[in-house]
2 protein chains.
Amino acid sequence: MTYNLLIENIKKHIDLSSSEADSICEFFKLKTIKKKEFLLTQGTICKFEGFVVKGCFRTFTIDKKGNENTLYFAAKDWWLMDIDSFMNHKPSDLNIQALEDSEVLIISQKDKETLYAKIPSAEKLFRIMFQKSIVAWQRRIIRNHSLTAKERYNHFVEKYPKIASKLTDRQASSYLGITHEFLSKIKKQP
Amino acid sequence: MTYNLLIENIKKHIDLSSSEADSICEFFKLKTIKKKEFLLTQGTICKFEGFVVKGCFRTFTIDKKGNENTLYFAAKDWWLMDIDSFMNHKPSDLNIQALEDSEVLIISQKDKETLYAKIPSAEKLFRIMFQKSIVAWQRRIIRNHSLTAKERYNHFVEKYPKIASKLTDRQASSYLGITHEFLSKIKKQP
DNA sequence: AAAAAAAGTTGAACAAGTTCAACTCCGTAA
DNA sequence: TTACGGAGTTGAACTTGTTCAACTTTTTTT
């Protein structure tokens with residue numbers, strides 16, 4: 001069953017009775033999406049939170065200079081949303097695009113509120129998930145400031161080999177914050 | 001009273017009865033710290049979470065190359081901690097140093113657990129605070145990738161004028177991810 | 001008030017990363 | 001099969017930011 005992955009993911013963060021697990025799962029609906037299609041586009045309001053069960057996504061923004069900037073990739077077992085747009089009901093700065101045929105468990109904004117209200121441990125679950133997420137963002141800032149582009153590339157490939165293997169160089173470079181031409185040159189270095 | 005600032009801060013995030021507010025405040029103790037003293041040093045475990053009521057702090061790490069890297073500044077009305085060390089009871093990578101004589105409301109690791117257990121809305125409070133924090137970290141990543149050093153400097157000074165005015169150029173540059181020499185050159189540009 | 005230490009400035013040489021243009025390679029649509 | 005568009009590669013010129021060293025100014029310590 002496709003909900004097992006979600007339950008296992010939740011159990012990494014908090015202890016959960018199986019009845020609670022089932023109640024949580026009831027709020028999520030499976031959504032199928034094809035390669036290159038968008039789950040969210042810049043300018044629209046993000047009305048969902050998603051958990052990837054199959055495939056891979058890229059979350060990126062296009063800045064004033066027209067450059068694509070990838071915030072993160074989300075493969076199987078990752079969560080997915082524009083947290084700012086979702087929380088504040090405001091137009092998103094982000095695009096979320098499927099890199100391959102994918103499946104996501106989706107919970108709507110409204111259902112998320114109900115989930116928090118009805119299942120007390122949900123607050124704790126997401127509080128802990130968000131804490132862990134902050135740690136990851138902080139580490140990325142430090143890496144961006146203290147490592148060279150080549151060191152960042154090596155770190156990325158070592159830490160996320162499965163995701164890295166699915167990407168074009170252009171996609172990887174937009175995550176690392178460099179041009180694709182420079183990534184090409186980096187990869188040739190000894 | 002010094003707890004008013006904390007209560008007002010909390011009310012920005014969730015609705016709170018005055019009895020709940022008082023209960024939360026009871027967990028926090030005032031700590032005074034002098035300029036240049038450390039609230040946390042790299043290698044020790046962060047056993048507290050803090051809320052600044054007076055003064056200003058700098059949270060930074062020293063990398064393998066010996067460079068200081070500032071993760072954030074925290075002035076009055078800001079929260080302060082090494083979230084990774086606090087959460088996982090592991091040695092911190094961060095230093096937290098007072099930039100001037102300061103006062104912080106401190107809650108211990110243990111009391112934080114008790115707070116979550118005894119006051120149900122605390123989970124929601126910190127869940128929401130962490131959400132907002134993630135948005136800020138994500139925006140900083142995007143800025144680091146899409147803006148030049150000069151643009152990042154201008155943004156910083158415009159967005160946090162009070163903090164910026166308290167800093168030496170060296171401290172500001174270590175936040176922006178550039179050398180202090182280059183910041184000096186940037187500031188002279190027209 | 002003097003001395004010491006830390007912070008800021010400047011210039012020259014250098015390294016890291018970008019831009020642009022030309023070319024190649026590959027998958028896929030016609 | 002062709003041709004077309006997207007992805008990767010490469011080189012030359014360029015821009016951004018670093019390094020190091022010397023110097024000045026400000027702050028802190030004694």
Side-chain angles (χ1 to χ4, degrees), chain A residues 34-38 56 58 60 62-70 73 95 97-101 141-157 163-190, chain B residues 34-38 55-56 58 60 62-70 73 95 97-102 141-157 163-190:
Chain A
K34 290 218 171 127
K35 184 171 176 170
K36 292 192 180 170
E37 283 181 353
F38 286 80
C56 189
R58 180 167 76 107
F60 66 99
I62 299 180
D63 65 27
K64 287 157 202 160
K65 295 161 192 163
N67 293 316
E68 285 190 7
N69 212 293
T70 297
F73 302 101
N95 303 282
Q97 186 181 27
L99 296 179
E100 47 188 65
D101 292 353
I141 297 262
I142 298 290
R143 282 198 305 274
N144 282 346
H145 283 176
S146 61
L147 303 183
T148 63
K150 169 141 214 195
E151 288 167 335
R152 260 145 49 214
Y153 172 71
N154 290 337
H155 174 272
F156 175 63
V157 172
I163 290 180
S165 69
K166 296 176 189 224
L167 304 178
T168 64
D169 278 8
R170 291 171 128 88
Q171 289 161 348
S173 68
S174 79
Y175 172 85
L176 297 169
I178 55 176
T179 60
H180 66 273
E181 293 98 329
F182 191 55
L183 178 53
S184 174
K185 286 163 193 173
I186 279 173
K187 290 173 83 171
K188 283 201 64 187
Q189 285 169 24
Chain B
K34 290 218 171 125
K35 184 171 177 169
K36 290 194 181 169
E37 284 182 352
F38 285 79
C56 189
R58 180 168 75 106
F60 65 99
I62 299 180
D63 66 28
K64 287 157 201 159
K65 295 162 191 161
N67 294 316
E68 286 190 6
N69 213 294
T70 297
F73 303 100
N95 302 282
Q97 187 181 26
L99 296 180
E100 47 188 64
D101 293 353
S102 301
I141 298 260
I142 298 291
R143 282 197 305 273
N144 282 345
H145 282 176
S146 61
L147 302 183
T148 64
K150 168 141 216 195
E151 289 167 333
R152 262 148 44 217
Y153 173 71
N154 290 338
H155 174 272
F156 176 63
V157 172
I163 290 180
S165 69
K166 296 176 188 223
L167 304 177
T168 65
D169 278 9
R170 290 170 129 88
Q171 290 162 348
S173 69
S174 79
Y175 172 86
L176 297 169
I178 56 176
T179 59
H180 66 274
E181 294 97 330
F182 191 54
L183 177 54
S184 175
K185 286 163 192 170
I186 280 175
K187 289 174 82 172
K188 283 200 65 188
Q189 284 171 24

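Naming: A, B, ... by sequence-line order, numbering from 1 per chain.
Separating the CG atom of B/Asp169 from the P atom of C/dA6 is a distance of 17 Å, rounded to the nearest angstrom. We find that NZ of B/Lys150 is positioned 15 Å from P of D/dT18, with the value rounded to whole Å. Put simply, NZ on A/Lys185 is 11 Å from C1' on D/dA13, counting in whole angstrom units. Remark: P of C/dT18 and CG of A/Asp63 are 13 Å apart, rounded to the nearest angstrom. Rounded to an integer number of Å, the gap from NE2 of B/His180 to P of D/dT26 is 17 Å. If you measure from atom CG of B/Leu167 to atom P of D/dT26, you get 19 Å, rounded to the nearest angstrom. For B/Ile186 and D/dT15, the CD1 to P distance is 17 Å, given to the nearest whole Å. In this structure, NZ of B/Lys36 is placed 10 Å from C1' of D/dT29, rounded to the nearest angstrom.
You'll find the side chain of A/Leu167 stays beyond 4.5 Å of the side chain of A/Tyr175, heavy atoms only. No side-chain heavy atom of B/Gln171 sits under 4.5 Å from any side-chain heavy atom of B/Gln97. Looking at B/His145 and A/Asn67, their side chains never come closer than 4.5 Å, going by heavy atoms from C-beta outward.
Residues A/Lys187 and B/Leu183 each lie close to DNA chain D; by heavy-atom proximity, the contact nearer the 5' end of the strand is made by A/Lys187. The residue among B/Lys35 and B/Ala149 whose nearest nucleotide of DNA chain D lies closer to the 5′ end is B/Ala149.
Salt-bridge check for A/Arg58 with A/Glu68: passed, with a basic side-chain N closer than 4.0 Å to an acidic carboxylate O.
Comparing atom distances between the A/Thr168 side chain and each of D/dT9, D/dA7, C/dG8 picks out D/dA7 as nearest. Here the nucleotide nearest the side chain of A/Glu181, chosen from C/dT9, D/dT10, D/dA7, is D/dT10. With distances taken from any side-chain atom of A/Phe182 to the nucleotides D/dT16, C/dT18, D/dT9, the minimum falls on C/dT18.
In this structure, A/Lys150 contributes its side chain and A/Gln189 its backbone to a donor-acceptor pair below 3.5 Å.
The phosphate of C/dT18 (OP1 or OP2) has a side-chain N or O of A/Thr179 nearer than 4.0 angstrom. Between A/Lys188 and the phosphate of D/dT10, there is a side-chain N or O to OP1/OP2 separation shorter than 4.0 Å.
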